[in-house]
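Residue numbers run from 1 in the order of the sequence given.
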Amino acid sequence: MLKIGEIVQTVKGIVETKIDMIKLDIQDQLSSILSRMIFLILMGGSLLLVLLFLSLSLAFFLSQYFESPHMGFLLVGLLYLLVLLILFLVRDNHPTQEKMQKGLKSFVFRTKIFGKRKGNE
């Protein structure tokens, strides 16, 4: 006959093992999310640099085209003002917000662990 102390020790060991497994699972998920966030920040920074250099190139091209040193920069500034106005007008558009949130969530929170769980269920 098993002693109660042995049963308690076995249950305690099972609970500790389960807690350790959950800790490792959370660490894996957090590291995956953090790496995706860093990647997203690097992509955003690179996109800003590309946009900056393309904007400067367009401004210099338009300045030469209109033979005015400031006209190109004025037109590029007005283009960005138009983009800002459009973004301001659609800021409260719920379908647009939902699409953006869904896209970000699927990129940031998509991990291999979630995929494995869905396959097992």
Side-chain angles (χ1 to χ4, degrees):
M1 186 146 106
L2 291 175
K3 297 180 182 177
I4 295 178
E6 292 176 5
I7 294 174
V8 170
Q9 288 295 344
T10 303
V11 170
K12 187 177 179 181
I14 291 171
V15 169
E16 288 175 356
T17 304
K18 187 68 173 175
I19 290 172
D20 290 339
M21 288 175 55
I22 290 172
K23 285 181 183 178
L24 289 174
D25 190 30
I26 290 171
Q27 287 175 351
D28 288 342
Q29 290 177 13
L30 285 177
S31 65
S32 176
I33 289 171
L34 185 60
S35 67
R36 288 181 187 274
M37 291 294 289
I38 291 171
F39 184 71
L40 191 61
I41 290 169
L42 290 174
M43 283 177 46
S46 298
L47 180 66
L48 284 175
L49 287 174
V50 168
L51 187 63
L52 172 70
F53 285 111
L54 288 176
S55 297
L56 287 173
S57 298
L58 180 63
F60 281 118
F61 173 76
L62 290 174
S63 292
Q64 285 182 352
Y65 181 78
F66 289 112
E67 298 175 354
S68 173
H70 60 279
M71 186 58 71
F73 290 93
L74 178 66
L75 290 175
V76 170
L78 289 175
L79 175 71
Y80 282 122
L81 185 63
L82 178 67
V83 170
L84 179 66
L85 181 66
I86 291 170
L87 290 174
F88 182 76
L89 292 174
V90 298
R91 75 183 187 280
D92 292 329
N93 189 352
H94 292 291
T96 305
Q97 287 180 354
E98 289 174 3
K99 286 180 185 177
M100 288 179 64
Q101 287 175 354
K102 185 178 179 183
L104 279 174
K105 283 180 186 177
S106 69
F107 180 78
V108 173
F109 296 110
R110 181 184 58 209
T111 61
K112 294 176 185 176
I113 296 169
F114 292 142
K116 288 179 183 177
R117 286 185 181 165
K118 289 180 182 177
N120 291 338
E121 291 177 354

Residues that K12 engages under side-chain contact (heavy atoms from CB on, under 4.5 Å), provided they are two or more places apart: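 With sequence neighbours excluded, K12 shows a side-chain contact (heavy atoms from CB on, under 4.5 Å) to Q9, E16, given in chain and number order.
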All side-chain contact (heavy atoms from CB on, under 4.5 Å) counterparts of L74, not counting sequence neighbours: M71, L78
CD1 on I22 to OG1 on T17, rounded to 0.5 Å: 11.0 Å
Rounded distance [0.5 Å steps], CD in Q29 versus CD in Q27: 11.0 Å
V15 side chain near K18 side chain, heavy-atom distance below 4.5 Å: no
Minimum side-chain heavy-atom gap L40-R36 below 4.5 Å: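 No. Closest side-chain heavy atoms not under 4.5 Å.
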Members sharing M21's hydrophobic cluster (side chains within less than 4.5 Å): none
Same apolar cluster (I L V M F W Y, side chains within < 4.5 Å links), Y65/L75: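 Linked, Y65 and L75 end up in one cluster.
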Listed partners of S68 passing side chain to side chain donor-acceptor pair (under 3.5 Å), at least two apart: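 Once residues adjacent in sequence are excluded, the partners of S68 under the side chain to side chain donor-acceptor pair (under 3.5 Å) criterion are H70.
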Where S63 and P69 come nearest, the two heavy atoms and their spacing: OG-O, 3.4 Å
Return all side-chain donor-acceptor pairs below 3.5 angstrom for residues 85-96, not counting sequence neighbours, or 'none' if the list is empty.
from: R91; atom 1: NH1; to: F88; atom 2: O; distance (Å): 2.8
from: N93; atom 1: ND2; to: T96; atom 2: OG1; distance (Å): 3.2

Report, one line per pair, each donor and acceptor closer than 3.5 Å where one atom sits in a side chain of residues 43-62; sequence neighbours left out.
from: S46; atom 1: OG; to: L42; atom 2: O; distance (Å): 3.0
from: S55; atom 1: OG; to: L51; atom 2: O; distance (Å): 2.7
from: S55; atom 1: OG; to: Y80; atom 2: OH; distance (Å): 2.1
from: S57; atom 1: OG; to: F53; atom 2: O; distance (Å): 2.9

